[in-house]
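Everything below concerns the one structure shown next.
The figures here come from the full heavy-atom set of this structure, side chains too, leaving out hydrogens, waters and symmetry mates. Letters A, B, ... are given to chains in the order of the sequence lines, protein chains preceding strands, and every chain is numbered from 1.
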Amino acid sequence: MTRRAPSARRRSLAGITAAVCATLLASACTGTNSGGGQDGSASGQDVTITFWHGWSQDNEVKAINDNVAAFEKLHPNIHVKVVGNIADDKAQQALRAGGPDAPDVVSSFSTDNVGKFCSSHVWADLAPMLAKDGVDPAKTFPAAMLKYSQYQGNQCSLPLLGDAYGLFYNKTAFAAAGITAPPRTFGEFAEDAAKLTVTDGDSYKQLGFMPNYHGYETAIAHYLGQYGSTYFGPDGKSDIATDPTVAAALGWQKQLVDRLGGFDKLEKYRTSFGDEFSAKNPFTTGQVAMSLDGEWRTASLAEDKPDFEWATAPFPVPDDQASTYGRGYQTGTIVGIANGSRKQTAAWTFVKYLTTDTDAVVSFANAIHNVPSTLAALDSPKLEADPNFRTFVDIAKNPNSSTTPASVNGGAYQVSLQNLSFRVESGEQGDLKAGLTATAKEIDDAVNQAK
Amino acid sequence: MTTVIPTLPPALRRKRRRERARTLAFLSPWLIGFGFFFLYPLLSTVYFSFTHYDGYLAPVFSGFRNWDFVFTKYPPFWQGLGNTLWLVAVMVTLRVAFGLGVGLLVTKVKTGSGFFRTAFYLPYLAPPVAATMAFAFLLNPGTGPVNHLLGEIGLPQPGWFTDPSWSKPALTMLAMWGIGDLMVIFMAALLDVPREQYEAAELDGASAPQRFRFVTLPNIAPIVVFAVVTGVIQAMQYYTQAIVAGKVASGVIGGSGQQFESGYPHGSTWTLPQMVYNLGFQHYDYGSACVVALILFALTMAFTSILLRRRSGFLTED
């Protein structure tokens, strides 16, 4: 009797191992599958859909639950199982895995992920559903909000309330400095910021404005919202090195940093600020006299009751774009339907209600103090908007308001630009043009890699 | 060519089969764990590193595209690699030296040794996130008590976690503060050194440094190597403290138009494990994330192998 040599047995073992590994690896590589719309809800059949959202605070959860209850009253055969406090990472994994417990409708706080949701088709394209029901997105949603909810023509999400950014200013400090009206251009703004700054040794008693990119909402993207920068050209490549507004924004911010005391001094003062989303916010405490912030701050200030008078206005615009005053950066929550959902008819009925029913949008906006996300809701008389909140409603309606566009690799292009902006403000990157060219290449390489 | 080997008697073959089965049965818990938690993930990582995979659609074979991207088109890679190697070289060295020093101290101190042992061990029990937040508070350049104290005595006040040239030293200080684990290990090793060797050295006229060099160190050498090897592995996996310190010091919550900058400030605390997370879960580029993970694995294996090889050489000499 002969036996095979050990080497031959090892080869067999290696073959079996490889086959097992290949099977295991293949089993890990599940793709997304397409769902369907024939769930019977249109003909009155009872259907239960699952809705995942990220809201977690009591008033927010109550608001969304009230909205869902109102929907179920209108559509008694569609039941919504609500799951809250869900982060994008978890939703993504559930959508990828699919199965009966996966969500049918998902909302996300980050518009940066829209590019991935759309390009991977993990969220269904809503264009056919919008067309079927005669909803014209361009006539329904503000332009900036529509832009951040689609990627290369794929409308895989819709806006569900929004955020708009504007200027908060300390009226008491303005009066003390002899300033009678909020600035409208960056030139006026820099003058006012300097006038409002009161130094205290190597620090400040009051800073007119914290321009540093880590000064909470003073991110480069929020400044660029005032310039209407596009980030990507028609060919899909980064245009930050060729769009003059980007260099202008970086240059203007650097000038303001230097004028108000220099990067190091400002950065040290910044570290004395309390948490952004607390009563220790530097605008609330009076540490800064002007702040670039979102509409939600109006509710916080009303609650925190600082010991000075405050008001809001659109954030200033570059001097050479004075006619666009009133614009601002916009972002918001998005909602979409899982491509793998087998209940897309019911899911669409729900999404359409959440995003296009004026009363639903207005009541939700009133409850959580966000900007409504449809043109009709922005004009609704039911919208509770005092003059300070009205500023942000007007910014949302302004056709010049802009946003950061969806990209196939999420917000990676913003990180690259941010990293450059940090080096510019600190003086580490002196050659702005070279920095922008290198960063544009970095962005293009990363986008190509993701495609 | 087939090699012919003599046939074994049936009884012996059965006995050998039983022995193999028994051995495998005893080994099976480890084999199953090894297969599922090490071999399968490792092979998957190798496989995905050669694919274009966004986490949603099925992976597509892309050859060396991810490797080319990481090495030639992704500048943050080299900064992350440099920071990780800095942490391995500086943080591990200082942690081992400080741990050994504290171990010596607490074994020598006669009065209040219990207090010192507790005082040095307690910080180790603090969860990494809480400890890092506490350090970020203490070292806050604007409001922290450390800089206040330094200012009072006329010393420079560094920016600590907000200054790229001080952020890694600040993280190293945090690592040294939580030295309790090493202290206990060194303390046990130091107490195990035979007293008679010290007595003999003293009779020979050896000074304290000489006794440490020629008696203590050879006796605790295996423990030092263990501390260095585990320290290198920890440093290569350094993630939580760097992320938390960066997030707290930068003040950025993150959101659309305002991305959190991993590695704050200026990428100075950006490490390879953070890169794996960012590439995979923020850029949706699982292929490139797998490439970085494999580089991390290869570096860890290389460092560990070199250190263990040196250890065996040392022990042979001993």
At a heavy-atom separation under 4.5 Å, does [X] approach chain B through its side chain, its backbone, both, or neither?
{"X": "A:Glu428", "answer": "side chain"}
{"X": "A:Thr218", "answer": "neither"}
{"X": "A:Phe117", "answer": "side chain"}
{"X": "A:Phe277", "answer": "side chain"}
{"X": "A:Gln93", "answer": "side chain"}

Interface moiety of [X] toward chain A, non-hydrogen atoms closer than 4.5 Å:
{"X": "B:Asp68", "result": "neither"}
{"X": "B:His52", "result": "side chain"}
{"X": "B:Phe161", "result": "neither"}

[atom1]/[X]: more than 12 non-hydrogen atoms of other groups inside 6.0 Å:
{"X": "B:Met173", "atom1": "CE", "result": "yes"}
{"X": "B:Tyr239", "atom1": "OH", "result": "yes"}
{"X": "B:Phe34", "atom1": "CZ", "result": "yes"}

### Task
Taking the side chain as every heavy atom from C-beta outward, state whether A:Gln449 and B:Tyr74 have any atom pair closer than 4.5 Å.
no
### Query
Do A:Asn448 and B:Phe69 come close enough that some side-chain heavy atom pair is under 4.5 Å?
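When only atoms from C-beta onward are counted, B:Phe69 and A:Asn448 do not touch, as no gap falls below 4.5 Å.
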Minimum heavy-atom distance [X]-[Y], with the two atoms named:
{"X": "A:Arg270", "Y": "B:Ala249", "result": "NH2-O, 3.2 Å"}
{"X": "B:Pro141", "Y": "A:Lys268", "result": "O-CE, 3.5 Å"}
{"X": "A:Ser120", "Y": "B:Asp54", "result": "CB-OD2, 3.8 Å"}

### Task
Heavy-atom pairs under 4.5 Å with chain B are the metric here; pick the option from A:Tyr269, A:Tyr213, A:Tyr216, A:Phe273 that has the most.
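Between A:Tyr269, A:Tyr213, A:Tyr216, A:Phe273, the count favours A:Tyr216.
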### Message
Please rank A:Thr403, A:Asn113, A:Asp88 by heavy-atom pairs under 4.5 Å with chain B and give me the top one.
### Response
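Among the listed options, the one with the most contacts to chain B is A:Asn113.
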### Query
Do the ring planes of A:Phe422 and B:His266 sit parallel (below 30°), tilted (30 to 60°) or perpendicular (above 60°)?
parallel
### Task
Could you grab the distance from atom CG of B:Asp163 to atom OG of A:Ser426, nearest 0.5 Å is fine?
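Going from the CG atom of B:Asp163 to the OG atom of A:Ser426 covers 10.5 Å.
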### Task
To the nearest 0.5 Å, tell me how far A:Asp202 CG sits from B:Gln157 CD.
8.0 Å
### Task
Report yes or no: does A:Thr271 contribute a side-chain atom to a donor-acceptor pair with the main-chain N or O of B:Gly142 at less than 3.5 Å?
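Between the backbone of B:Gly142 and the side chain of A:Thr271 there is a qualifying donor-acceptor contact (under 3.5 Å).
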